[in-house]
Amino acid sequence: MSTKPISVTIDEQLLEYANAEVAAGRARSVSAVVNAALARVAEADRAADAAVRAAVQAVRSDPAASAKVRRMTDRLLAQSDLRAAG
């Protein structure tokens, strides 16, 4: 995997944390801390996307579940409409 140098601005507390990780020997550099954090977020996002896709597929394949989701959606939209009108 290739890397590309960039410039970012981060909160001071996060920089202190990253520097502490480096000082403790738990990371090679601040860049390594940032890369590891972004990798965890990216993996969590991919897992969440996969879970949503699986849930949608499960609902699509089950007519009773589809009807239940439709009723719930209609109820939520109606509540939202009432709040917006109020």
Side-chain angles (χ1 to χ4, degrees):
M1 181 184 296
S2 65
T3 61
K4 180 177 181 176
I6 63 167
S7 175
V8 297
T9 302
I10 62 174
D11 292 339
E12 281 186 46
Q13 307 92 304
L14 295 174
L15 179 57
E16 289 172 10
Y17 168 78
N19 283 327
E21 290 294 291
V22 174
R26 290 187 291 269
R28 291 184 331 271
S29 64
V30 170
S31 290
V33 174
V34 171
N35 277 314
L38 284 172
R40 286 190 299 274
V41 169
E43 179 55 33
D45 285 350
R46 283 191 290 273
D49 289 348
V52 168
R53 283 191 300 276
V56 167
Q57 185 58 40
V59 167
R60 283 182 175 160
S61 65
D62 181 351
S66 293
K68 183 177 180 179
V69 168
R70 200 171 304 110
R71 288 190 305 273
M72 291 170 58
T73 302
D74 290 343
R75 192 173 325 121
L76 289 170
L77 289 173
Q79 289 173 354
S80 175
D81 290 345
L82 289 175
R83 287 189 187 125

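Counting begins at 1 with the first residue of the sequence.
Between atom CG of residue Asn35 and atom CZ of residue Arg40 there is a gap of 10.5 Å, rounded to the nearest 0.5 Å. Within the model, atoms CG of Asp81 and CD of Gln79 stand 10.0 Å from one another, a figure rounded to the nearest 0.5 Å.
In this structure, the side chain of Thr73 engages the main chain of Val69 through a donor-acceptor pair within 3.5 Å.
Under the 4.5 Å side-chain heavy-atom criterion for ILVMFWY residues, no single connected hydrophobic cluster contains both Val59 and Val52. A chain of hydrophobic side-chain contacts below 4.5 Å, direct or via other Ile, Leu, Val, Met, Phe, Trp or Tyr residues, connects Val30 to Leu38.
Of the candidates Thr9, Val33, Ile10, Leu15 forms a side chain to side chain contact (heavy atoms under 4.5 Å, CB included) with just one, namely Ile10.
Applying the salt bridge (Lys or Arg N to Asp or Glu O under 4.0 Å) definition to pairs two or more places apart or across chains, those involving residues 1-26 are Glu21-Arg26.
In this structure, Leu77 shares a hydrophobic cluster with no other residue, the cluster being traced through Ile, Leu, Val, Met, Phe, Trp and Tyr side chains under 4.5 angstrom apart.
With sequence neighbours excluded, the residues forming a salt bridge (charged side-chain N to carboxylate O under 4.0 Å, His left out) with Arg46 are Glu43, listed by chain and number.
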